[in-house]
Amino acid sequence: MSEKKNWWGFAGPVVGVRVYRNDVRVVRSGRPFAGDVEKVSPIRGMVHELTWKSRRRLMFTALNSNVDFGLMITLTYPRVFPQSGKEVKANLRDFLRHMRKRAFYGQFEYLWFLEFQKRGAPHIHILCDLSLPCDVRERREMYACVSMLWAASVATTNVDHLKAGTRTERLRSQDGGRRYVAKYASKTEQKKVPVNFQDVGRWWGCSRGVPPIEPPLVHCSEVELRHWLKVGGWEYLPDKHTPMYSVLYNAAKHLPSDQEYDIIEL
DNA sequence: GCCCGGATTTTGATTTATAT
DNA sequence: ATATAAATCAAAATCCGGGC
């Protein structure tokens with residue numbers, strides 16, 4: 001009796017899982033295909049849109065990061081705005097560098113992502129781990145400081161821009177930032193680049209402390225994994241003929257707690 | 001403040017076997 | 001032909017510390 005095979009048929013069997021804060025990665029043994037094909041060096045194309053692949057990476061990073069994003073800063077341009085991604089990124093780089101250098105901010109972990117407004121203007125959201133001061137006056141100082149840094153970064157003397165260029169807001173819950181990213185990443189509308197805009201570059205990025213550290217491998221078979229997920233009530237368990245995907249979203253909380261695993265040190 | 005450059009991250013292209 | 005998921009590769013973009 002010939003068994004049905006699919007894309008995963010040439011990948012190895014499930015060896016274990018890595019349980020992140022929110023998601024679970026399935027680890028398989030073996031290689032997906034033999035590496036004896038002649039290696040060509042593909043020429044990279046231009047970035048045209050925010051792809052689903054990129055969205056998934058962003059989601060994974062945000063949802064599993066150990067950084068708590070309590071604050072969101074939104075940077076906007078005035079009526080006149082750059083038509084090149086390089087210019088936008090230069091502004092962003094300046095801004096982030098200045099923010100990081102501020103002694104009173106201490107450590108500054110951030111995750112930014114790019115959007116385009118209807119008018120075609122680029123628009124950057126920055127999630128970060130800063131907290132707003134309780135004191136009203138201090139808080140205003142902070143708002144002003146952020147505004148000034150952004151204004152300086154875009155090298156503008158436009159007073160209107162000073163006021164309208166930034167928005168600094170506290171996110172309701174600890175997971176508010178994560179949810180915001182999920183919303184951004186899962187928007188069905190296409191994230192295309194406006195026609196006149198050049199060299200978009202990356203759509204999102206983060207500081208080095210944001211990406212989650214790889215958790216230890218927890219050895220298990222596919223049968224065991226399916227059992228745990230079923231018992232745990234994970235809703236998206238595929239039927240027996242469909243492979244377990246390499247990333248199981250929102251599955252972490254449906255698995256048994258750490259102590260019940262046989263943790264293997266790396 | 002600004003610039004340089006090494007380290008690291010994000011990205012598109014390519015690859016795999018099989019079903020449609 | 002085309003779609004599929006994911007691993008891999010190298011290019012390009014970004015990060016970040018150090019020098020000025």
Side-chain angles (χ1 to χ4, degrees), chain A residues 2-15 17-18 23-62 64-65 67 75 82 84-103 105-114 122 124 126-128 148-149 151-155 181 184-185 191-193 197-214 222 236 238-239 241-249:
Chain A
S2 64
E3 200 169 311
K4 269 193 181 179
K5 279 197 168 183
N6 25 40
W7 59 268
W8 114 156
F10 52 91
V14 172
V15 167
V17 288
R18 294 188 192 278
D23 305 328
V24 175
R25 278 192 182 282
V26 177
V27 180
R28 295 172 182 279
S29 73
R31 301 168 69 83
F33 53 85
D36 51 59
V37 194
E38 94 266 19
K39 296 276 160 67
V40 285
S41 61
I43 297 156
R44 273 175 51 66
M46 299 283 283
V47 181
H48 289 103
E49 61 176 331
L50 176 60
T51 61
W52 282 105
K53 209 171 150 187
S54 176
R55 293 175 201 222
R56 264 184 264 125
R57 283 194 302 264
L58 170 59
M59 285 268 275
F60 187 86
T61 304
N64 296 292
S65 175
V67 174
L75 307 176
S84 160
K86 297 198 174 185
E87 199 177 328
V88 175
K89 299 298 166 57
N91 294 160
L92 176 63
R93 189 176 59 231
D94 273 15
F95 178 77
L96 290 173
R97 165 173 280 252
H98 290 136
M99 287 289 283
R100 201 182 301 115
K101 274 201 169 179
R102 290 256 140 195
Y105 288 160
Q107 104 287 8
F108 176 56
E109 300 293 348
Y110 59 86
L111 185 154
W112 61 263
F113 46 99
L114 176 71
I124 297 166
I126 301 168
L127 296 173
C128 62
M148 268 165 52
L149 290 181
S153 298
V154 301
V181 172
Y184 165 81
K191 292 276 201 314
K192 293 268 187 196
V193 181
F197 201 84
Q198 308 290 317
D199 302 317
V200 211
R202 298 181 186 176
W203 284 83
W204 65 276
C206 57
S207 57
R208 302 248 161 101
V210 171
I213 301 157
E214 184 175 80
E222 176 161 350
Y236 312 102
D239 65 57
H241 304 295
T242 315
M244 300 292 298
Y245 289 157
S246 74
V247 180
L248 312 178
Y249 292 99

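The model shown is predicted, which means the values in this text are computed figures rather than measured ones. A note on names: the letters A, B, ... follow the listed sequences, proteins ahead of strands, and every chain is numbered from 1.
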Exercise for the section: Give a yes-or-no answer on whether the side chains of Arg56(A) and Tyr249(A) include a donor-acceptor pair shorter than 3.5 Å. Expected result: no

Practice task
Remember a base hit wins even if backbone is also touched, and classify Tyr110(A) as base, sugar-phosphate or nothing at under 4.0 Å, heavy atoms.
Solution key: sugar-phosphate

Practice task
Give one of base, sugar-phosphate or nothing for Arg57(A), where a contact means two heavy atoms less than 4.0 Å apart.
Solution key: base

Practice task
Please state how far atom CH2 in Trp52(A) lies from atom P in dG12(B), giving the value in whole angstrom units.
Solution key: 14 Å

Practice task
Rounded off to whole Å, could you give me the CZ-to-P distance for the Phe113(A) and dT14(C) pair?
Solution key: 16 Å

Exercise for the section: Check whether any side-chain nitrogen or oxygen of Ser54(A) sits under 4.0 Å from OP1 or OP2 of dT10(B), and answer yes or no. Expected result: no

Exercise for the section: Could you check how far CG of Leu92(A) sits from P of dT14(C), rounded to whole Å? Expected result: 8 Å

Problem - N/O (side chain, Trp112(A)) to phosphate O (OP1/OP2, dC15(C)) under 4.0 Å - result: yes

Completion exercise
Atom CD of Glu49(A) and atom P of dA13(B) are separated, to the nearest Å, by 10 Å

Problem - Euclidean distance, atom CZ of residue Phe60(A) to atom P of dA6(C) [Å, nearest integer] - result: 12 Å

Handout entry: Pairwise 5' ranking along DNA chain C for Gly45(A) and Val247(A), keeping only the more 5' one
Key = Val247(A)

Practice task
Respond yes when some side-chain nitrogen or oxygen of Arg202(A) is under 4.0 Å from OP1 or OP2 of dT9(B), and no when none is.
Solution key: no

Handout entry: CH2 on Trp112(A) to CZ on Arg93(A), rounded to 0.5 Å
Key = 11.5 Å

Exercise for the section: Give Lys89(A) one of three labels, base, sugar-phosphate or nothing, depending on what nucleic acid heavy atoms sit under 4.0 Å from its own. Expected result: sugar-phosphate

Problem - Cation-pi geometry met for Arg25(A) and Phe60(A) (6.0 Å, 45°) - result: yes

Problem - Between Ser84(A) and Gln198(A): side-chain donor-acceptor atoms closer than 3.5 Å - result: no

Handout entry: Options dT10(B), dA7(C), dC16(C), nucleotide nearest the side-chain atoms of Ser246(A)
Key = dA7(C)

Problem - For atom NE2 of His48(A) and atom P of dG12(B), their distance in whole Å - result: 10 Å

Practice task
Could you tell me whether a side-chain N or O of Tyr184(A) sits under 3.5 Å from a main-chain N or O of Leu114(A), the two making a donor and an acceptor?
Solution key: yes

Problem - For atom CD of Glu109(A) and atom P of dC16(C), their distance in whole Å - result: 7 Å

Practice task
Kindly point out which of dG12(B), dC16(C), dT10(B) is positioned nearest to the side chain of Trp204(A)?
Solution key: dT10(B)

I'd like a table of atom pairs between the protein and nucleotides 1-6 of chain B - only N or O on both sides, under 3.5 Å - with the distance next to each one.
{"from": "dC3(B)", "atom 1": "N4", "to": "Arg97(A)", "atom 2": "NH1", "distance (Å)": "3.1"}

